[in-house]
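The figures here come from the full heavy-atom set of this structure, side chains too, leaving out hydrogens, waters and symmetry mates. Order of the sequence lines fixes the chain letters, A, B, ..., with proteins taken first and strands second; residue numbering starts at 1 for each chain.
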Amino acid sequence: MADNVAMVTFEELRSASLWAESLETAALDRAMRETVVREVNPGESVCRVGEAVEYWNGVIDGLVKINKISVEGKSITFTGVPRGGWWGEGSLIKREARRYDVTALRKSRVAYMPRATFEWLIDNSIPFNKFLIKQLNERLGQFIAAIEHERLLDPDARVARAIASLFNPILYPGAGPEVQISQEEIGYLSGSSRQRANQALQLLEKAGLLRLEYGSIRVLDLEGLQRYGTV
DNA sequence: GCATTAACACGTA
DNA sequence: TACGTGTTAATGC
């Protein structure tokens, strides 16, 4: 980890995690003492493929993407992670090297919980384990759905679902109705070109499901985005 | 036909 | 200035 680190505050943890509020007092105290927060700038790498995984990470504020670059240099985004999202427990538990890149999409504050703290929580906190099961279950559902969307839905619906997935209330609690993301990144997220994503976004705006703003998207009808293309 | 890439003008942070 | 957006033309499956 690099510089620009600070201790995480109680308020930050409470507002950007579903697990902190259910934790026992002693467990939360320990988690807070040992977790630090680092500022990252847009485009800056947070994690890289192949490196050793020694932290559990969370987005306190901002937006990062989990992606990978193919051998031909093509980038695909598996998911965007806004405020309240935590990742890396899979590789931490399996003790494997990092499988994906993580890159900041805008100025973000990322939490780092050391492996030892994470493992202590698993060994000592039932609420923390319940949270982990819930998160893993939810993510499995999200990725199964992503495959379904990729194979069955047209580009407009894929863009709608990709945006909706950023607003999963279990994975990303406390997110507002607006997400600061470029249309190019929506393209990476939905598996389409920027131009095609732009076409889909304008269609969704005309349908009253969202509003396009410079460098960001405001969601007006999340349910509509979630079910777009199925009725 | 439909999506992709490339290229361009224009507006905004 | 660098980046994001909207649009069009050429190209490919």
Legend entry - Aromatic ring proximity, centroids under 6.0 angstrom, A:Phe128 and A:Trp56: yes
Inset, instruction - Determine the sole option in A:Gln202, A:Gln199, A:Arg196 for which the side-chain hydrogen bond (donor to acceptor under 3.5 Å, both in side chains) test with A:Asp156 is passed. - result: A:Arg196
Inset, instruction - Using a cut-off of 6.0 Å, state whether more than 12 heavy atoms not belonging to A:Arg48 lie near its atom CZ. - result: no
Inset, instruction - Starting from C1' on C:dT5, measure out to CZ on A:Arg211 and report it in whole angstrom. - result: 17 Å
Inset, instruction - Please report, rounded to the nearest Å, how far the C1' atom of C:dG4 is from the CZ atom of A:Arg194. - result: 8 Å
Legend entry - Of A:Glu178, A:Arg211, A:Gln180, the residue whose pairing with A:Ser216 passes side-chain hydrogen bond (donor to acceptor under 3.5 Å, both in side chains): A:Glu178
Inset, instruction - Write down the distance between CZ (A:Arg106) and C1' (C:dG4), rounded to a whole number of angstrom. - result: 16 Å
Legend entry - Along DNA chain B (nearest heavy atom to each residue), the more 5'-positioned of A:Tyr214 and A:Ser192: A:Ser192
Inset, instruction - May I ask you to verify if any side-chain N or O of A:Asn198 is less than 4.0 angstrom from the OP1 or OP2 atom of C:dG6? - result: yes
Inset, instruction - Take atom CD of A:Gln202 and atom C1' of C:dG6, then tell me their distance rounded to the nearest Å. - result: 7 Å
Inset, instruction - Classify the nucleic acid contact of A:Ser182 as base, sugar-phosphate or nothing, counting any heavy atom under 4.0 Å across all strands shown. - result: sugar-phosphate
Inset, instruction - Quickly work out the A:Leu201 CG to C:dT7 P distance and round it to whole Å. - result: 13 Å
Inset, instruction - Have a look at A:Gln195 and say if it touches a base, only the backbone sugar-phosphate, or nothing, with a 4.0 Å heavy-atom cut-off. - result: base
Inset, instruction - Specify the separation, in whole Å, of atom CD of A:Glu184 and atom P of C:dA2. - result: 17 Å
Inset, instruction - Starting from C1' on C:dT7, measure out to CD on A:Gln199 and report it in whole angstrom. - result: 11 Å
Inset, instruction - Answer yes when A:Glu148 and A:Arg161 have at least one side-chain N-carboxylate O distance shorter than 4.0 Å, and no when they do not. - result: no
Inset, instruction - Under 4.0 Å from any heavy atom of chain A: name the first and the last nucleotide of DNA chain B that qualifies, 5' to 3'. - result: B:dA3 to B:dA13
Legend entry - Salt bridge present between A:Glu184 and A:Lys65 (N-O < 4.0 angstrom): no
Legend entry - Presence of salt bridge, A:Arg106 and A:Glu185, under 4.0 angstrom: no
